[in-house]
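Worksheet: one structure, shown below.
Scope of the values below: all heavy atoms of this structure, side chains included, with no hydrogens, waters or symmetry mates. Each chain gets a letter, A, B and so on, in the order its sequence line appears, and its residues count up from 1.
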Amino acid sequence: MSELIKKTSLVPRIIPCLDVANGRVVKGTNFKKLLDMGDPIELALKYQHQGADEIVFLDIKASVDNQASALAMIKQVATTLSIPFTVGGGIKQLSDVDRFFNAGADKVTLNTAAVENPELINQIANKYGSQSLIIAIDVNHESNGEHVIYTHGGSKRVKKPYQTWIKEVVERGAGEILMTAMHKDGTGSGFDLDLLEQANFPLPIIASGGANKPEDFLHAINAGADAVLAAGIFHRDEFTVSEVKNYLINNNISMRV
Amino acid sequence: MKAGIINLNSGNLLSIVSAVDKCGFETTVINEPQTGFDVLVMPGQGRFGYVSQQLENNNWREFILDWIAQGKRIVGICVGMQLLFEDSVEDESAKGLAVFPGSVEKLKHKKTPMVGWAQLTSNDEFYSQQFVYFVNSYGVANSDYCIASVNYGEKFCAIVQKDNVIGFQFHPEKSGDYGLELLKKCLN
């Protein structure tokens with residue numbers, strides 16, 4: 001560990017992620033049917049009380065038909081929570097981002113829109129500052145050993161090489177990178193530690209995909225993740241945020257308690 | 001008690017308004033200088049140069065300096081704290097309010113912005129060891145008025161105070177229950 005890294009009072013963050021549709025927290029199943037998991041405000045508050053350091057709301061369908069409910073929810077979150085929150089999903093252009101920020105979001109996250117229109121990264125960074133923008137990158141470890149990025153929820157392969165894209169995202173003004181290892185996502189086999197160890201980027205990295213037990217968080221943080229995002233492990237009530245944090249503290253990781 | 005939130009057109013004010021409300025204040029967002037408040041809050045987000053430029057609108061600069069000269073209470077948050085200093089390397093031609101001597105510098109860590117929770121170091125036990133939420137790439141390395149600090153590559157000021165002028169480099173409105181406690185104490 002370098003001197004510079006050691007000289008920090010920052011602690012790694014634990015970030016529960018909520019998928020929201022039509023104002024409700026949902027969970028997709030293999031049958032593409034969405035299961036209702038509850039009220040987003042109630043769940044976010046529950047995680048805040050458990051010690052969550054931030055909350056991410058994803059897949060907020062900001063299309064015209066249910067935009068009003070998404071924005072009403074963001075407003076309610078902004079006036080209720082006392083920790084930072086990020087929203088993402090359905091962002092196509094700067095005006096979508098404007099609506100999210102006007103409703104009180106602290107940060108936005110984008111994936112497909114950034115790849116399709118990289119200039120949007122510059123526009124958001126210039127208007128709201130880098131700190132307001134998380135670029136999500138879905139990476140797959142292909143059978144030939146290559147790291148390839150995907151968009152559209154993991155369905156569309158992108159030609160631009162992974163390393164080139166990261167460099168571009170940083171230069172255009174992203175504040176943080178949310179890295180999902182697709183080959184690990186939902187497998188419960190832990191994060192892709194090699195990917196995190198190689199990710200020596202000049203901005204914070206949020207690791208996502210694969211957390212199934214507190215040890216997975218420990219390994220991701222030891223591999224260099226500045227924050228860890230997880231959904232299922234918390235939603236299924238397998239572990240609370242505080243249980244994960246206590247495990248990390250017992251393993252010599254400083255945490256906010 | 002009445003609090004006025006200064007609108008410098010830099011970021012959404014919903015969270016800070018809600019937080020000040022929760023501290024028991026009657027809270028009003030003010031788009032131009034206005035009196036009748038017990039305390040003013042000056043939030044700021046984005047570039048130093050941009051927010052500093054907003055001070056030139058509506059005579060904010062004169063009004064705020066006059067407010068401070070009268071010994072009234074004001075709380076600056078994030079870039080709103082940085083504006084209380086002379087200038088910033090982020091935008092060298094831009095002018096701060098120079099209530100505190102010194103310049104805002106780039107944080108000396110390879111990862112910027114600094115994002116997340118950090119534990120305060122302070123001689124005052126109300127601040128000491130408490131976790132607060134930071135989002136910044138710049139900061140004030142040193143000040144005689146620094147009453148709490150954190151490390152990020154190098155030590156920098158988290159809280160500065162001179163009489164009734166208080167600055168937070170972090171976001172108390174995003175710092176959980178302790179953040180609200182802190183706001184309540186400093187607004188009163």
Side-chain angles (χ1 to χ4, degrees), chain A residues 2-15 48-49 51-54 74-85 98 100-107 125-134 170 173-176 200-206 224 226-227 254-257, chain B residues 10-19 21-22 44-48 50-51 78-79 90 107-121 129-138 148-156 158 170-181 183:
Chain A
S2 82
E3 256 328 280
L4 272 184
I5 302 282
K6 254 196 289 183
K7 280 173 70 175
T8 177
S9 325
L10 267 194
V11 295
R13 289 165 281 155
I14 304 299
I15 310 177
Q48 174 176 303
H49 291 314
D53 296 306
E54 291 181 28
I74 295 172
K75 251 184 202 154
Q76 212 189 335
V77 173
T79 50
T80 311
L81 285 195
S82 56
I83 56 173
F85 72 100
D98 289 336
F100 282 162
F101 282 127
N102 285 336
D106 295 304
K107 312 182 203 179
N126 287 338
K127 188 161 180 185
Y128 296 99
S130 288
Q131 82 291 337
S132 67
L133 178 58
I134 301 176
V170 172
E176 293 172 88
N200 188 23
F201 312 128
L203 76 184
I205 303 292
I206 305 166
D226 298 282
S254 302
M255 284 273 127
R256 176 183 75 104
V257 283
Chain B
S10 71
N12 188 282
L13 299 174
L14 196 55
S15 297
I16 185 67
V17 170
S18 309
D21 272 345
K22 285 175 196 162
Q45 254 172 272
R47 290 190 71 101
F48 183 90
Y50 173 81
V51 188
C78 201
V79 180
E90 186 176 16
L107 298 181
K108 289 177 183 58
H109 191 287
K110 67 166 190 156
K111 286 191 179 193
T112 55
M114 173 186 186
V115 181
W117 299 81
Q119 204 167 17
L120 299 173
T121 303
Q129 307 293 307
Q130 296 288 349
F131 279 99
V132 290
Y133 190 85
F134 287 83
V135 189
N136 52 301
S137 296
Y138 295 83
S149 61
V150 292
N151 268 310
Y152 195 63
E154 181 175 280
K155 198 171 98 164
F156 73 90
F170 53 90
H171 289 271
E173 78 280 16
K174 292 287 162 188
S175 297
D177 292 341
Y178 175 72
L180 291 180
E181 232 180 279
L183 257 184

Legend entry - Proximity breakdown for B/Ser15 and chain A, heavy-atom pairs closer than 4.5 Å: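 Its backbone and side chain both get close to chain A.
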Legend entry - Winner by heavy-atom pair count (cut-off under 4.5 Å) against chain B, out of A/Ser132, A/Ser82, A/Ala125: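 Of the candidates given, the most pairs with chain B belong to A/Ser82.
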Legend entry - Choice from A/Pro204, A/Pro84, A/Gly129 maximising heavy atom contacts with chain B below 4.5 Å: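 Answer, by heavy-atom pair count under 4.5 Å with chain B: A/Pro84.
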With a 4.5 angstrom heavy-atom cut-off, could you sort out which part of [X] is near chain B: side chain, backbone, both or neither?
X	result
A/Ala103	backbone
A/Val77	neither
A/Lys75	both
A/Asp226	side chain
A/Thr80	backbone

Legend entry - Partner residues of B/Asn12 under the side-chain hydrogen bond (donor to acceptor under 3.5 Å, both in side chains) criterion, sequence neighbours left out: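 Per chain and number, B/Asn12 pairs via side-chain hydrogen bond (donor to acceptor under 3.5 Å, both in side chains) with no residue.
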Inset, instruction - Not counting sequence neighbours, which residues clear side-chain hydrogen bond (donor to acceptor under 3.5 Å, both in side chains) with A/Arg256? List them please. - result: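 Partners of A/Arg256 under the side-chain hydrogen bond (donor to acceptor under 3.5 Å, both in side chains) test: A/Asp53.
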Legend entry - Main-chain N/O of A/Gly173 paired to A/Ser130 side chain as donor or acceptor, under 3.5 Å: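 The answer is yes, because a donor-acceptor pair under 3.5 Å joins these two groups.
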Inset, instruction - Classify the side-chain pair A/Asp106/A/Tyr128 by whether it contains a donor and acceptor separated by less than 3.5 Å. - result: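 A/Asp106 vs A/Tyr128: no donor-acceptor pair found between side chains.
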Inset, instruction - Flag the pair A/Lys107 and A/Glu176 as a salt bridge only when some basic side-chain nitrogen lies within less than 4.0 angstrom of an acidic carboxylate oxygen. - result: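 A salt bridge is present here (some side-chain N lies under 4.0 Å from a carboxylate O).
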Inset, instruction - Indicate yes or no: does B/Glu173 engage B/Lys22 in a salt bridge with an N to O separation below 4.0 Å. - result: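 Answer for the salt bridge query: no.
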